[in-house]
Amino acid sequence: MNNFDSLVVVGAQWGDEGKGKVIDYLAAKADVVARFQGGDNAGHTVVYGANIFKLHHIPSGILYPGCLSLLGNGMVVNPLVLLNELIELEKRSISTENLKISDKAHLIMTYHQVYDRVNEELLGDHKIGTTGRGIGPAYADKALRRGLRAIDLTDINVFRERLAQILPLQNRLLKSAYQHKGYGLDQLVEMYRPALEKLGPMVVDTSRLLADSFSEGKKVLFEGAQGALLDIDHGTYPFVTSSSTVAAAAGSGSGLGPQYTCQVLGVMKAYTTRVGEGPFPSEDNGEAGELLRVQGAEFGTTTGRPRRCGWFDAVIARYAARINGLTGLAITKLDVLSGLETLNVAVTYECDNNSTREFPANLIELEKCKPIYEVFPGWHEDLSRISTMQDLPEAARHYLEALEEAIGVPIELISVGPDRTQTIVRPGSFLAGWYGD
Ligand code: GDP
Ligand code: IMO
Ligand code: MG
């Protein structure tokens, strides 16, 4: 088994695949965990014993005291929310000493949330169903070259100066197009002062830190947020988030070349969920969908919204495997399927009487696509205490083999419950190289 030093973990569906759980599990062997895109739209849950942590900005390695946690340049960071997240963790005696923020990460400002909310209101029936965290407007301001960056948090005078340059434009927009009274410069500086005091000293060149970590032979885990089908380029546009969620973004979003990213693990639920609007071919609005929502506790970590639920979709899984270059899969929430008599897996779509294995870019075409299901026998056993592949019921093993075959990527890890311990690594998995076994 070849040892390797870096692993990119990405969501391979529409988010909430259980990335937080998988990353926390793998972080036991990591020296560094780095986020590289997204912001506090992410909600990553980590569970061990009676402890439940819901992380939004902070990498899921934070619970390991020796692990360095980095917020990369590709992220958008809300200083007020991050400050709160840090305080909450510290109250629970979790050290945040090892958290560093890229000087080049962009800031989500309070007015970005106003834009997000009003944009959604004005879109009406065509709304995206965003998390309301101001993600799209913050990335838009970055692209429009009128954003603030984390480096501006390191000096209150620079912060004030930079805001003074931007605020007239933002206020004009807020007042004329968004029916908002706008913000005063002093008002904003005071609003952000406590965040500057706490976060300013954490701002560094994280690209340099990462490069140094690699030269010292350290192990780096890249933590994706959202999922492949929410990617700004490759997802179900416009029903996507505003960042590059695919594995290739780990390099650009953290200031490294592609040679540093060795293996790519795609996290997928054993079924499919989506929160927010947009196409979802294998959605089940009947009894099965309801059962998955209840058994899987499918309510958003960030917004509390009920997640839409449906069957495993191998068409999107194959697509996610291609656009991410997945080298392995982590299948989560297998335990949730217990009790279903039969399990459907969408293997192809039928569109205008033609069968297709490819995920169409055209949403009008996608609306017309019907998933063609292969049906597999279910199982009734409780999987939550199973710790080896061979102890899984035969029907569960058969189901996993079918997914693997339909996607064409090996399953390396299986999750049978939210807890860190409810994890099975396939014998002979390349993940043994992560553990140096
Ligand atoms: P993320 O955004 O990809 O990190 O996923 P979320 O944390 O938003 O949502 C996944 C939810 O499923 C969380 O509540 C996890 O605690 C839970 N979870 C993760 N893996 C499993 C699993 O294998 N079985 C069950 N029952 N729950 C899981
Ligand atoms: P994690 O990292 C699931 C969805 C929103 C909406 C769309 C755009 O926990 O998997 P945004 O606020 O990003 O502009 O919303 O993207 N979305 C997520 N769905 N999990 C997430 O993150 C998500 N982050 C954004 O529901 O449909
Ligand atoms: Mg989530």
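Below, each value reflects all heavy atoms present in this structure, side chains not excepted, and no hydrogens, waters or symmetry copies. For ligands, and for the atoms within them, numbers begin at 1 and follow the listed sequence.
In the vicinity of Val240, heavy-atom distances shorter than 4.0 Å reach the ligand 2 atoms 7 (C), 8 (C). Atoms of ligand 1 lying under 4.0 Å from any heavy atom of Lys21, numbered from 1 in the order shown and given with element: 20 (N). The distance from ligand 1 to the heavy atoms of Gly18 drops below 4.0 Å at these ligand atoms: 1 (P), 3 (O), 4 (O), 5 (O). Counting the atoms of ligand 1 from 1 in the order shown, those under 4.0 Å from a heavy atom of Val336 are 26 (N). Which parts of ligand 2 touch Ala42 is read off a 4.0 Å heavy-atom cut-off, strictly below it: atoms 1 (P), 2 (O), 9 (O), 22 (O). Counting atoms of ligand 2 from 1 in the listed order, those under 4.0 Å from a heavy atom of Gly43 are 1 (P), 9 (O). Residue contact check: Ala225 has heavy atoms under 4.0 Å from atoms 2 (O) of ligand 2. Close approach of ligand 2 to Val275 (heavy-atom distance below 4.0 Å) involves ligand atoms 3 (C), 5 (C), 19 (N), 26 (O), 27 (O). Counting atoms of ligand 2 from 1 in the listed order, those under 4.0 Å from a heavy atom of Trp14 are 3 (C), 19 (N). Of all atoms in ligand 1, listed by their number and element, those nearer than 4.0 Å to a heavy atom of Lys19 are 1 (P), 2 (O), 3 (O), 4 (O). Within the listing of ligand 1, atoms 20 (N), 21 (C), 22 (C), 23 (O), 24 (N), 25 (C) sit less than 4.0 angstrom from a heavy atom of Gly417.
Contact of the Pro281 side chain with the Leu366 side chain is registered, since non-hydrogen atoms from C-beta on lie closer than 4.5 Å. Using a 4.5 Å heavy-atom cutoff, the side chains of Ile94 and Phe53 are in contact. Side-chain contact check for Leu413 versus Ile331: every heavy-atom pair is 4.5 Å or farther apart.
In terms of protein heavy-atom proximity, atom 4 (O) of ligand 1 is closest to Gly20 N, 2.8 Å. For atom 12 (O) of ligand 2, the nearest protein heavy atom (residue, atom name, distance) is Thr131 OG1, 2.6 Å. The protein non-hydrogen atom at the shortest distance from atom 24 (N) of ligand 1 is Asp335 OD1, 2.8 Å. Of the protein's non-hydrogen atoms, the one nearest atom 18 (C) of ligand 2 is Leu230 CD1, 3.6 Å. Among all protein heavy atoms, the one lying closest to atom 9 (O) of ligand 1 is Arg307 NH2, 3.5 Å. With respect to atom 7 (O) of ligand 1, the closest heavy atom belonging to the protein is Thr45 OG1, 2.6 Å. Atom 20 (N) of ligand 2 has Asp16 OD1, 3.1 Å as its closest protein atom, hydrogens excluded (heavy atom only). Summary of contacts: the protein heavy atom closest to atom 23 (O) of ligand 1 is Ser415 OG, 2.5 Å. Here the protein heavy atom with the shortest distance to atom 6 (P) of ligand 1 is Gly43 O, 3.5 Å. Here the protein heavy atom with the shortest distance to atom 10 (C) of ligand 1 is Asp16 O, 3.8 Å.
Salt-bridge formation is not detected for the pair Glu17/Lys269: no Lys NZ or Arg NE/NH1/NH2 atom is positioned less than 4.0 Å from an Asp or Glu carboxylate oxygen. In this structure, Asp16 pairs ionically with Arg307, as a charged nitrogen and a carboxylate oxygen lie closer than 4.0 Å. Salt-bridge annotation for Glu121 and Arg117: present, with a side-chain N of the basic residue lying under 4.0 Å from a carboxylate O of the acidic one. Ion pairing between a basic and an acidic side chain is recognised when a charged N comes within 4.0 Å of a carboxylate O; Arg397 and Glu394 show no such pairing. The pair Glu365-Lys368 does not count as a salt bridge, with every side-chain nitrogen at least 4.0 angstrom from each carboxylate oxygen. With salt bridges taken as basic N to acidic carboxylate O contacts below 4.0 Å, none links Glu85 and Lys54. Ion pair Arg308/Glu283 flagged as a salt bridge, since at least one NZ, NE, NH1 or NH2 atom sits closer than 4.0 Å to an Asp/Glu carboxylate oxygen.
Using a 30° and 60° split on the angle between ring planes, Phe4 and Phe430 fall in the perpendicular class, above 60°. Ring orientation note: the planes of Trp14 and Phe280 are tilted relative to one another, at an angle of 30° to 60°.
Looking at Thr241 next to ligand 2, an N or O pair under 3.5 Å apart turns up. The shortest N/O to N/O separation between Thr130 and ligand 2 does not fall below 3.5 Å. The N/O atoms of Gln226, backbone and side chain alike, include one that comes under 3.5 Å of an N/O atom in ligand 2. Every N/O-N/O distance between Glu277 and ligand 2 stays at or above 3.5 Å. Annotation: Asn41 places an N or O atom under 3.5 Å from an N or O atom of ligand 2; distance criterion only. For ligand 2, the polar-atom distance check finds an N/O of His44 within less than 3.5 Å of one of the ligand's N/O atoms.
With a 4.0 Å cut-off on non-hydrogen atoms, His44 touches ligand 1 through its backbone as well as its side chain. The proximity of Ile52 to ligand 1, defined as any non-hydrogen pair under 4.0 Å, does not occur for either the backbone or the side chain. When non-hydrogen atoms are compared, ligand 2 lies under 4.0 Å from neither the backbone nor the side chain of Thr303. With a heavy-atom cut-off of 4.0 Å, Lys19 touches ligand 2 through its side chain alone. Contacts between Arg305 and ligand 2, counted as non-hydrogen atom pairs separated by less than 4.0 Å, involve the side chain only.
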Query raised in the report: salt bridge (charged side-chain N to carboxylate O under 4.0 Å, His left out) between Arg35 and Glu223: does it pass, once the steps are laid out?
Result: CA-CA 5 Å; Arg35 282 272 310 266; Glu223 172 168 358; 5.4 Å; no
Query raised in the report: Between Tyr237 and His234, is a ring pair (Phe, Tyr, Trp, His ring centres under 6.0 Å) present by the stated rule, with each step listed?
Result: CA-CA 8 Å; Tyr237 191 90; His234 305 288; over 10 Å; no
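Cation-pi geometry between Arg420 and Tyr48 is met: under 6.0 angstrom from the ring centre, within 45 degrees of the axis.
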Under 3.5 Å, which donor-acceptor pairs do the side chains of residues 143-152 form with other protein atoms, sequence neighbours left out?
residue : atom : partner : partner atom : Å
Arg146  : NE   : Asp141  : OD1          : 2.6
Arg146  : NH2  : Asp141  : OD1          : 3.0
Asp152  : OD2  : Arg149  : N            : 2.9

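Ser338 and Trp379 form a side-chain donor-acceptor contact under 3.5 Å, judged by distance and modelled atom types alone.
The closest approach between a heavy atom of Gly11 and any atom of ligand 1 is not below 4.0 Å.
Ranked by closest heavy atom to atom 5 (C) of ligand 2, the top entry among Gly276, Gly129, Gly227 is Gly129. Relative to atom 28 (C) of ligand 1, the option among Lys333, Arg420, Gln13 with the closest non-hydrogen atom is Lys333.
The ring-ring contact (aromatic ring centres under 6.0 Å, His included) test with Tyr260 singles out one residue from Phe36, Phe222, Phe214, and that residue is Phe214.
The salt bridge (charged side-chain N to carboxylate O under 4.0 Å, His left out) analysis of residues 313-329, with sequence neighbours excluded, yields the pairs Arg322-Glu358.
Taking 2.8 Å as the threshold, Gly300 does not count as a candidate ligand of the Mg ion (ligand 3), since none of its N, O or S atoms lies below it.
Among heteroatoms of the N, O or S kind in Asp16, OD1 lies nearest the Mg ion (ligand 3).
Distance check: His126 NE2 to Glu120 CD gives 12.5 Å after rounding to the nearest 0.5 Å.
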